[in-house]
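As structure tokens, the structure follows; a few thoughts come after it.
So that the names make sense, note that chain A is the first sequence line, chain B the second, and so on, each numbered from 1.
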2 protein chains.
Amino acid sequence: MSSTERKAREKEELKTLILKAAHKLFVEKGIGQTTIRNIADSIDYSIGTVYVYFRDKNEILHALHTQYFTDLRGQLKVLFNVKDPMERLKAMGKVYINYGLDNPEMYDLIFILKAPMEFLETIQKDEWDEGKASFDLLKTTVKQCMDAGHFKGHTLEPLSFLIWGCVHGMCSLEIGSRTKNVNIKNPENIVRDAYDEFLNIINKL
Amino acid sequence: MSSTERKAREKEELKTLILKAAHKLFVEKGIGQTTIRNIADSIDYSIGTVYVYFRDKNEILHALHTQYFTDLRGQLKVLFNVKDPMERLKAMGKVYINYGLDNPEMYDLIFILKAPMEFLETIQKDEWDEGKASFDLLKTTVKQCMDAGHFKGHTLEPLSFLIWGCVHGMCSLEIGSRTKNVNIKNPENIVRDAYDEFLNIINKL
DNA sequence: TTGAAAAGTGAACAATGTTCATTCTTTTTG
DNA sequence: CAAAAAGAATGAACATTGTTCACTTTTCAA
């Protein structure tokens, strides 16, 4: 029956509409400043309707978390066009950092805020699909680097995690306002300058 | 007059009492689960009293932020007993990571949560004293390493920030539950295993 | 046309940060 | 030493937010 089909599609569309509205508000005024009422108002629906489509705020946060992460992972996946794994690794870092610095609220939701992970716990899902898939992209690349003779004497997983930690750490210090007000000469560029040091080091390994 | 003196001391004591109570609750049930009412209740004072001593919740968060940070910085300062700067640098990383893994709520407040930095903004103080002082400890050590012939071809500030980002990134991924549920063989030890890789790399530079 | 199922609603509740007029306590003063 | 002034503490009350659910409106197959 096509009406039930249409119904299902309409349900999906409203869900999407809510998420789009939430996203807009996140970017405009920050995640912390976005309320369910805000979201409902901005699409001319009632509060209750939002709760028909999402069990709670964390589910909304988790849904956008997944969207953002899928987006970032897409950008990383494209880099598999770069055949040289070392070049690809360097490009991945650059893409990752750009994503973080250009979309701080989105980055926050992907990698910093506890809410999306708490949602996974409440639904008893102990798999973080996007996280796993993305980390695998990194591991695969590092593995290929090792196969090509780099990173001698290193271990795959810990090294991969170290690299992730490196770029994540710099992004999150920046996003968390920990680079301002510290005695740094070029605070606006410190993350990218430091990433150049990273490249410098990687090149030697 | 000694009565005004005593009054001042008593005021300080109550302030300290409030902070101690807040700290206890933070550790017990998490920062997010700690409310002003909780704090007031736990020391048998009224909500209003807390607001006599602190302008708002962010001021409490900032006060503890500073305490925690001073504590961590103290632990780092002690390491200046280690004269060899490379050895000291490695020890600093270890101490930093231990602090983060052993005191996740406290680490959260120092390096991750926005609240303490927001408080600095509201009082129009654009100096992050503890942050600056701690980063200086790191910079000084890295500088001494460079003077001793290490880190050839690198630049002091970006390299120092990269190192900070490295250890911070790993700690905050762990604290933010981003290491669970990713396909890692030893998730419980990944941070320390990765830090060994870090040492491995540092040793070559 | 009609009645049941689906969709949507918003008043109401609970939790929390915050304010402030009031009460209680301490100190100073005449 | 009593009264007044200053200081400290209070908690009721308000605003905001997430959340629930009994109720209304809409949709659509029979």
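A salt bridge does not link A:K132 with A:D129: every distance from a Lys NZ or Arg NE/NH1/NH2 to an Asp or Glu carboxylate oxygen is 4.0 Å or more. A salt bridge links A:E87 to A:K90: one of the charged nitrogens lies within less than 4.0 Å of a carboxylate oxygen. Using a cutoff of 4.0 Å between basic side-chain nitrogens and carboxylate oxygens, B:D147 and B:K143 are scored as salt-bridged. Under the 4.0 Å criterion applied to side-chain N and carboxylate O atoms, A:K114 and B:D108 are assigned as salt-bridge partners.
Per the geometry, CD belonging to A:E10 stands 12 Å off C1' belonging to D:dT26, to the nearest Å. The CG atom of A:N38 sits 10 Å away from the C1' atom of D:dT17 (whole-angstrom rounding). Regarding A:N58, its CG atom lies at a distance of 17 Å from the P atom of D:dT17, rounded to whole Å. The OH-P distance, from A:Y51 to D:dT17, rounds to 12 Å in whole Å. Here the C1' atom of nucleotide D:dG18 and the CD1 atom of A:I39 are 11 Å apart, to the nearest Å. Residue A:I18 contributes atom CD1, which lies 12 Å from atom C1' of C:dA7 at whole-angstrom precision. Atom-to-atom, CZ of B:R9 to P of C:dT26 comes out at 16 Å; the value is rounded to the nearest Å. Look at NZ on A:K57: it is 11 Å from C1' on D:dT16, rounded to the nearest Å.
Within the nucleic acid shown, A:T35 comes within 4.0 Å of sugar-phosphate atoms alone, with no base atom in reach, counting heavy atoms only. Within 4.0 Å of A:I60, counting heavy atoms only, lies no atom of the nucleic acid at all. Residue contacts for A:Y53: at a heavy-atom cut-off of 4.0 Å it reaches the sugar-phosphate backbone alone, with no base atom in range.
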_Go through it in stages, so that I can follow the logic: the residues are B:F111 and B:W164, the test is side-chain contact (heavy atoms from CB on, under 4.5 Å), and I'd like the CA-CA distance, side-chain angles, deciding distance and then a yes or no._
CA-CA 11 Å; B:F111 292 117; B:W164 180 20; 3.8 Å; yes

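For B:T49, the side-chain atoms get nearest to D:dT10 when compared with the rest of D:dT10, D:dT19, C:dG8. Distances from the side chain of A:V52 to the nucleotides C:dG8, D:dG11, C:dT19 place C:dG8 closest. Out of C:dG17, D:dA9, C:dG10, the shortest distance to the side chain of B:I36 is found at C:dG17. When the nucleotides C:dT18, C:dG8, D:dA9 are ranked by their closest atom to the side chain of B:D56, C:dT18 comes out on top.
Distances shown here put a side-chain N or O of A:K11 below 4.0 Å from the OP1 or OP2 atom of C:dA7.
Each of A:G48 and A:R37 was assigned the nucleotide of DNA chain D with the nearest heavy atom; the assignment lying further toward the 5' end belongs to A:R37.
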